[in-house]
Amino acid sequence: MSDNEKRKKGRAKFAEVMQFEPPEMPPEPFLDTTVDYLFADLWSRPGLGVRERRISTLTTLICLGNELALKLHFGAAMKSGDLSDTEIDELILHVAHYGGWPGAAIASQVVRQLRSERGHTSKS
C-alpha cells in the first residue's frame with residue numbers, strides 16, 4: 001500500500017471511529033502517526049470490530065482517568081450509536097470495580113456533561 005493510500009485509509013477509519021474528520025495540518029509527526037498507524041493499521045485490523053475496540057479503548061481510558069480522551073471517545077460512541085446510554089453506564093460501573101473508582105468517577109462526570117450538551121439526561 002502506498003503512503004497516500006495508507007493516509008486515505010487512516011483518515012477514513014479516523015472519521016468512522018471518532019465521528020469527525022481528522023484535522024488538515026501541515027506534516028506533524030504525532031498526528032501523521034496517529035492517522036497512518038493507529039487508524040490505518042490498528043483500528044482496521046480484522047478480528048475485532050469498531051464496537052469491541054471502542055469498549056477496550058474506553059476501559060483503558062477510564063482506568064487512566066484521561067478526561068480529554070474520554071470526552072472524545074465517549075462522544076464518538078454516542079454519535080455513532082455503538083453504545084447505548086445504558087451500555088455506557090454499565091461499562092463505567094463495571095470498570096469502577098475492576099479498574100478503579102476514581103477513573104470511573106471521572107468517566108461518569110464526562111458522560112453526564114456530554115449528555116447535558118446533547119440535551120439528553122435519560123438512559124436509553
S108 and R112 side chains, donor-acceptor separation under 3.5 Å
yes
Side-chain contact, heavy-atom cut-off 4.5 Å: Q19 with M78?
no
Is there a path of hydrophobic side-chain contacts, each under 4.5 Å between heavy atoms of I, L, V, M, F, W or Y residues, that connects L114 with I88?
yes
Under the rule for ring-ring contact (aromatic ring centres under 6.0 Å, His included), what residues qualify as partners of Y98, not counting sequence neighbours?
H94
Among R54, M18, E16, find the one that has a side chain to side chain contact (heavy atoms under 4.5 Å, CB included) with S80.
R54
Over 12 foreign heavy atoms within 6.0 Å of CZ, F20:
yes
Shortest non-hydrogen contact from V95 toward C63
CG1-SG, 3.9 Å
Give, for atom CG of D36 and atom CZ of R11, the distance between the pair rounded to the nearest 0.5 Å.
10.0 Å
Is the shortest distance from a Lys or Arg side-chain nitrogen in E5 or K8 to a carboxylate oxygen in the other one below 4.0 Å?
no
With no hydrogens and no angle check, just 3.5 Å: does a side-chain donor-acceptor pair link Q109 and Q113?
no
Are the side chains of V17 and T57 in contact, using a 4.5 Å heavy-atom criterion?
no
Keeping S56 on the side-chain end and E52 on the backbone end, is there a donor-acceptor pair under 3.5 Å?
no
Look up atom OG1 in T33 and atom OH in Y37, then write down how far apart they are to the nearest 0.5 Å.
10.5 Å
Hydrophobic clusters here meaning ILVMFWY residues chained together by side-chain heavy-atom distances under 4.5 Å, can you tell me if L83 and I106 are in one?
yes
Can you get from I55 to I92 by hopping between Ile, Leu, Val, Met, Phe, Trp and Tyr side chains that sit under 4.5 Å apart?
yes
Return the OG1 to NE2 distance between T60 and H73, rounded to the nearest 0.5 Å.
10.0 Å
Below 3.5 Å, can you tabulate the donor-acceptor pairs from side chains in residues 38-51 to any protein atom, sequence neighbours excluded?
from: D41; atom 1: OD1; to: K6; atom 2: NZ; distance (Å): 3.4
from: D41; atom 1: OD2; to: K6; atom 2: NZ; distance (Å): 2.8
from: S44; atom 1: OG; to: F39; atom 2: O; distance (Å): 2.8
from: S44; atom 1: OG; to: A40; atom 2: O; distance (Å): 3.3
from: R51; atom 1: NE; to: D82; atom 2: O; distance (Å): 2.9
from: R51; atom 1: NH2; to: E87; atom 2: OE1; distance (Å): 3.2
from: R51; atom 1: NH2; to: E87; atom 2: OE2; distance (Å): 2.6

